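In what follows, a structure is listed as structure tokens, so that the remarks can point back to it.
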Amino acid sequence: MTMITLSFDNGPDPDVTPQVLDTLRRHDVKATFFVVGDKLRDRRALSERAHAEGHWIGNHTYNHLVPLGLTAERGVAAAEIARTEERIVGLAHERRFFRPFGGGGQLDRRLLNREAFDHLRQGGYTCVLWNVVPEDWAYPSSWVERALKLCFAEEHALLVLHDLPTGAMDNLGRFLLAARDRGAVFTQDFPQSCVLMERGRPALPVETYLTEAA
Ligand SMILES: [Zn+2]
């Protein structure tokens, strides 16, 4: 049996996030939204709705411009995390979920620098990676087939989608139906193999995702 956990990164978006929430409600699936702090300036109500409907809210940096592992300037990585955490006060999950920005889904040393790692450790964050990226931003319709193939190759898939206005989320319902048709079970919690740090403690070999510089 394949289990699938859904996550939506880079939002919230005034049009697409409500659409995603409606679809999730219709299909009775709970997910996690990894939000960009800067977008919450005037869109916090969208994350409040997600939270109220049982979805989890995580931190996905403030500006989402440069992977933290490529950020050399002192103070930037810590601020990218801390400023977003301020914006999601009252909404953040108690395990303090943070997902690094992978620049197209890359799982490598660009994810974190030492400063980011120290900040996450000291702040007791749970750092959440992923194992399925169907590139919904590039394939607004056919990401569904890509995602099905990739998810069913995993025992427990942690799928990255984006609540962004690409048109891809018009096909979310189709994905959910097809996955259930094939026997997938949706669960909100993350696979162990995708949790890099749990409440500040490394749970996987962190060096793999830590840049040497900085
Ligand atoms: Zn992202």
Side-chain angles (χ1 to χ4, degrees), residues 1-36 39-40 43-60 87-99 105 126-137 139-195 198:
M1 183 184 72
T2 283
M3 291 202 294
I4 301 177
T5 297
L6 292 179
S7 58
F8 297 89
D9 289 9
N10 298 20
D13 176 88
D15 297 316
V16 183
T17 305
Q19 176 193 7
V20 167
L21 289 171
D22 290 348
T23 304
L24 293 175
R25 181 153 56 183
R26 200 155 51 238
H27 292 269
D28 193 25
V29 173
K30 300 280 191 271
T32 298
F33 290 82
F34 288 97
V35 300
V36 171
K39 293 188 177 177
L40 262 71
R43 299 179 187 173
R44 190 180 144 102
L46 297 166
S47 297
E48 286 171 353
R49 178 184 159 189
H51 177 258
E53 294 182 5
H55 303 291
W56 293 341
I57 306 296
N59 178 330
H60 191 43
R87 283 273 158 88
I88 59 175
V89 163
L91 304 178
H93 191 277
E94 48 130 9
R95 284 162 70 193
R96 305 192 82 184
F97 297 133
F98 171 77
R99 169 173 280 167
T126 295
C127 184
V128 181
L129 306 180
W130 56 85
N131 57 19
V132 173
V133 179
E135 302 185 319
D136 58 306
W137 65 88
Y139 306 96
S141 176
S142 63
W143 71 263
V144 170
E145 286 68 36
R146 295 163 65 88
L148 289 168
K149 190 167 167 227
L150 295 167
C151 284
F152 280 88
E154 304 283 342
E155 262 178 57
H156 186 168
L158 174 44
L159 173 60
V160 180
L161 298 172
H162 298 83
D163 45 339
L164 291 176
T166 59
M169 291 306 99
D170 295 349
N171 294 298
L172 178 60
R174 186 161 72 82
F175 169 77
L176 298 174
L177 282 174
R180 276 206 172 122
D181 251 19
R182 297 184 194 188
V185 171
F186 288 96
T187 179
Q188 194 169 17
D189 206 1
F190 308 117
Q192 286 283 330
S193 62
C194 293
V195 177
E198 177 69 47

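These numbers were taken from a predicted model, which means no experiment stands behind them.
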Is the backbone N or O of Ser141 less than 3.5 Å from a side-chain atom of Arg174, with the two atoms forming a donor-acceptor pair by type? yes
Run the side-chain contact (heavy atoms from CB on, under 4.5 Å) test on His93 and Leu91 for me, step by step, so that the C-alpha distance in whole Å, both residues' side-chain angles and the decisive distance to 0.1 Å come before the verdict. CA-CA 6 Å; His93 191 277; Leu91 304 178; over 6 Å; no
Between the CZ atom in Phe186 and the NZ atom in Lys30, the distance rounded to the nearest 0.5 Å is 13.5 Å
How about Thr17 and Arg49: do any of their side-chain heavy atoms sit closer than 4.5 Å? no
Please round to the nearest 0.5 Å and tell me the distance separating atom CD of Glu155 and atom OG of Ser193. 9.0 Å
Checking side-chain polar atoms at under 3.5 Å, does Gln19 have a donor or acceptor matched by the opposite partner on Asp170? yes
Check whether Arg87 reaches the backbone of Leu40 with its side chain - one donor and one acceptor, N or O, closer than 3.5 Å. no
Would you find more than 12 non-hydrogen atoms of other residues, nucleotides or ligands less than 6.0 Å from Glu53 atom CD? yes
For the residue pair Pro191 and Asn131, what are the closest heavy atoms and their distance? CG-ND2, 4.4 Å
May I have the step-by-step check of side-chain contact (heavy atoms from CB on, under 4.5 Å) for Leu161 and Val20, ending in yes or no? CA-CA 10 Å; Leu161 298 172; Val20 167; over 6 Å; no
Restricting to side chain to side chain donor-acceptor pair (under 3.5 Å), what partner residues turn up for His162, sequence neighbours left out? Asp136
Is it true that a side-chain atom of His60 and a backbone atom of Arg99 form a donor plus acceptor pair closer than 3.5 Å? yes
Looking at Ser7 and Leu159, would you say the former's side chain and the latter's main chain have a donor-acceptor pair under 3.5 Å? yes
So which heavy atom on Ile4 is nearest to which on Thr2, and how close? CG1-CG2, 3.9 Å
Please verify the inter-ring angle class for Trp143 with Phe175; under 30° counts as parallel, over 60° as perpendicular, anything in between as tilted. tilted
From NE2 (His27) to CG (Leu6), nearest 0.5 Å: 11.0 Å
Atom CZ in Phe98, atom CZ in Phe34: separation rounded to 0.5 Å? 9.5 Å
Between Phe33 and Asp163, is a side-chain contact (heavy atoms from CB on, under 4.5 Å) present by the stated rule, with each step listed? CA-CA 9 Å; Phe33 290 82; Asp163 45 339; 3.5 Å; yes
Between Lys39 and Asn10, is there a donor-acceptor pair closer than 3.5 Å when you use the side chain of the first and the backbone of the second? yes
Do any pairs count as a side chain to side chain donor-acceptor pair (under 3.5 Å) and have a residue in residues 178-192, sequence neighbours left out, and if so which ones? Arg95-Asp189
Please round to the nearest 0.5 Å and tell me the distance separating atom CZ of Phe97 and atom CD1 of Ile57. 11.0 Å
Taking every non-hydrogen atom, the tightest pair across Leu148 and Ala178: CD1-CB, 3.8 Å
Would Met169 and Phe8 count as a side-chain contact (heavy atoms from CB on, under 4.5 Å) here? Give the steps. CA-CA 10 Å; Met169 291 306 99; Phe8 297 89; 3.8 Å; yes
